[in-house]
Each structure stands twice: as structure tokens, then as C-alpha cells.
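First the structure, in the form of C-alpha cells, and then the observations on it.
Heavy-atom basis, side chains included; hydrogens, waters and symmetry copies ignored. First the proteins, then the strands, lettered A, B, ... as listed; each starts at 1.
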There are 2 protein chains.
Amino acid sequence: MSSTDLKKGSAELLILSLLERGPRHGYELCKRIESRSRGAVRFNVASLYPLLYRLEKRGWLQGRWVEKAGQRRRRYYRLTTEGRTVLKARRRSWSEFVAAVRRIVGPDYA
Amino acid sequence: MSSTDLKKGSAELLILSLLERGPRHGYELCKRIESRSRGAVRFNVASLYPLLYRLEKRGWLQGRWVEKAGQRRRRYYRLTTEGRTVLKARRRSWSEFVAAVRRIVGPDYA
DNA sequence: GCGCTATATATCGTCGTACAACATATAGCT
DNA sequence: AGCTATATGTTGTACGACGATATATAGCGC
């Protein structure tokens, strides 16, 4: 599986995690994921924006337009209370999943 | 992301890993994944069989029918040399991916 | 002025894949 | 005869990833 495939399931977890410490806009999330993962995870904008809309629609995020002179408008997203609850659950299920995979795949030989 | 979504990217890694120690047939792989992950990862047959065909088509697996009296025929898959090479690479990229996610998501609070 | 890059958001069309549902076949248990 | 377990397979739907493309603003080099 390519690194593209690998990130499929974890995209939401990454977004929610990054928003935990404060509002971020789409492009910023994109760049943060790339730099924090040292390039291992890269987000295509054609996936990111629709994903943000979905999360907002589910009530986990709340977006708000911020306009500044001499700048393209930005949409800042913040975690809702429900979003925080979901994040907690997602973190737990992620670590459970990783543990389960480790039991099947065996220890790392990296 | 549901545990269903989570496993999307790792399905191939799981199959390849299980076949590392010897030939297995589809249903057996299904059951082994379920039991080794203690129920955390479950495979739908409608995903498993097409996946096995794909892997075989790519030359990573080789299947062979085994018929026994009083039993439904089984198709046993074994890892090819190419499959072993791919498995090695997949294992490495999986652990890199997990490390990258951990840097973004933070430590486990499970 | 022009091309390039970076910042920032957005959509369209294609393609792959997961899975519910259904189908088939064998055997044992009740 | 009906249920469960074993075992493989297909069809149809639906969702999501991503390449390509578009729009808008600003700065830099030439």
C-alpha cells in the first residue's frame, strides 16, 4: 500500500488533532501535516477541502471566514465540543488499531 | 474514522504478513486476522477475495487450488519472491507512517 | 510588464475500493 | 428440514482520493 493509501483512514484524526490547540485554516493544516510528518504524509487539496466540509457538516468543526486587506480570505476552523469528544474516541481507536496491526504484522524491522 | 476506514490502507500489509510463514487460504486469513487482532480488525469477504486476486495479479502471491474429498475446494496462496520484497518495503513504510501520525496526533491517551 | 512562486480556496471528472447482499457448495448438529 | 460453520465467489452501490484545472492576491527577479 502506498503512503497515499495508508493515510486514508487517518485523515480525520490528523485534522482533529491539529485543531485541538486552536483554530487553523485549510492551507495551514495542509502545510503543518507535511512539515510535522517530515514529508511522510502529504495532503492533496482536492481531498482536504471536501474533508473539512464533511467534518463541519457532522458538527465536529465550525468554520468562519476571516478577511484581511491585501490577502485572500481564509476560513478558520475550530473544534466543537462534539469534535473534542470524537477526537478522544478516534485517538483511542487509532492506538488500538495500531496495536492490532502490530500483533499481526510483527515487530518493526525498519 | 471507523475501524473499517482505518484498515483500508493496511489490508495488503496484513495479508502479506500472514502469508510470510506459509500458504494460507482466504477464509483462514479472514479468521486469523480477526482472532489475532482480538476482533479489532474484521475482514469482509467481499473485500478479501477481490484483494487476493489483485495481489495475485500483481505477482505478489501465487494461488493454487487444493481439493479434498468431503470438503469445499480451497485456494491456498503463497508469497512470491516479489511479494517478500514488497512486504519488507510495506513494513517499513507502515512504521514510518505510524511514527509520522504519532508526531501529529501526539502520545496515546488510551 | 511578464513569468514565476507562494499563499489560499474551490470544483470536476475519473478511478479504485469497501461492503451489503446475494449465490453456491459441503458437512455436522438438532 | 433448518441452523451453523466452513469456503469461495459476484453484483451493485456508494464513497472518497486525487490529478487537473480555476480563481484571487502578493512578492520577487529580470
Side-chain angles (χ1 to χ4, degrees), chain A residues 1-15 18-19 23-35 37 39-58 60-77 97, chain B residues 1-15 18-19 23-35 37 40-58 60-77 97 101:
Chain A
M1 101 216 67
S2 66
S3 97
T4 350
D5 294 325
L6 279 172
K7 71 170 188 268
K8 279 181 186 173
S10 51
E12 297 178 9
L13 174 64
L14 296 177
I15 299 297
L18 285 175
L19 292 179
R24 305 274 183 262
H25 60 89
Y27 191 79
E28 200 182 354
L29 290 168
C30 219
K31 292 295 153 191
R32 268 173 199 256
I33 287 174
E34 235 180 288
S35 72
S37 75
V41 186
R42 201 166 302 166
F43 240 100
N44 193 306
V45 290
S47 315
L48 178 70
Y49 291 111
L51 175 55
L52 288 172
Y53 307 150
R54 285 199 300 275
L55 298 186
E56 191 176 9
K57 204 174 170 188
R58 287 181 211 159
W60 302 350
L61 310 184
Q62 173 121 50
R64 147 179 165 269
W65 284 111
V66 175
E67 313 240 13
K68 256 193 187 174
Q71 246 185 7
R72 184 113 162 61
R73 59 178 190 165
R74 294 169 173 172
R75 190 161 175 85
Y76 280 87
Y77 292 93
F97 178 73
Chain B
M1 103 217 66
S2 66
S3 97
T4 351
D5 293 326
L6 280 171
K7 70 169 189 269
K8 279 183 186 172
S10 52
E12 297 178 9
L13 174 63
L14 296 178
I15 300 296
L18 286 175
L19 291 180
R24 305 275 183 262
H25 59 89
Y27 191 79
E28 199 182 355
L29 290 167
C30 220
K31 292 295 152 191
R32 266 172 200 258
I33 286 173
E34 235 180 287
S35 72
S37 75
V41 187
R42 201 165 304 165
F43 241 98
N44 192 306
V45 290
S47 314
L48 177 70
Y49 291 112
L51 175 56
L52 288 171
Y53 307 149
R54 286 200 297 276
L55 298 185
E56 190 175 10
K57 204 174 170 189
R58 286 181 210 159
W60 302 350
L61 309 185
Q62 173 121 49
R64 147 180 166 267
W65 283 111
V66 175
E67 313 240 12
K68 257 193 186 174
Q71 244 184 9
R72 184 112 161 61
R73 60 180 192 165
R74 293 169 174 173
R75 191 162 175 84
Y76 281 87
Y77 292 94
F97 178 73
V101 170

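- Across Gln62(B) and Glu56(B), no two heavy atoms sit closer than the pair C-OE2, 4.1 Å.
- Atom CZ of Arg75(A) is separated from atom P of dT11(C) by 12 Å (rounded to the nearest Å).
- If you take CZ of Arg73(B) and C1' of dT26(C), they are 13 Å apart, rounded to a whole angstrom.
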(message) Determine whether Val66(B) and Arg64(B) satisfy the following criterion, side chain to side chain contact (heavy atoms under 4.5 Å, CB included), listing intermediate values before the conclusion.
(response) CA-CA 6 Å; Val66(B) 175; Arg64(B) 147 180 166 267; 4.0 Å; yes
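- Separating the NZ atom of Lys31(B) from the C1' atom of dT8(D) is a distance of 14 Å, rounded to the nearest angstrom.
- For Arg24(B) and dT8(D), the CZ to P distance is 13 Å, given to the nearest whole Å.
- What separates OH of Tyr77(A) from C1' of dA10(C) is a distance of 10 Å, to the nearest Å.
- Between Trp65(B) atom CH2 and dA25(C) atom C1' the separation is 11 Å, expressed in whole Å.
- Residues meeting the salt bridge (Lys or Arg N to Asp or Glu O under 4.0 Å) test with Arg73(B), sequence neighbours left out: none.
- Between Gln71(A) atom CD and dT7(C) atom C1' the separation is 8 Å, expressed in whole Å.
- Among all heavy-atom pairs drawn from Leu52(B) and Tyr77(B), the shortest one is CD1-CE1, 3.6 Å.
- Going from atom NE2 of His25(A) over to atom C1' of dA6(C) covers 12 Å, rounded to whole Å.
- Within residues 45-55 of chain A, the residues that have a heavy atom under 4.0 Å from DNA chain C are, in order of number, Val45(A), Ala46(A), Tyr49(A), Tyr53(A).
- Annotation for Arg24(B) and Leu29(B): closest pair CB-CD2, 3.7 Å, computed over non-hydrogen atoms.
- Note that the CG atom of Leu18(A) and the NZ atom of Lys31(A) stand 14.0 Å from one another [nearest 0.5 Å].
- For the OP1/OP2 pair of dT9(C) and a distance below 4.0 Å, the side-chain nitrogens and oxygens of Tyr27(A) include no atom meeting the criterion.
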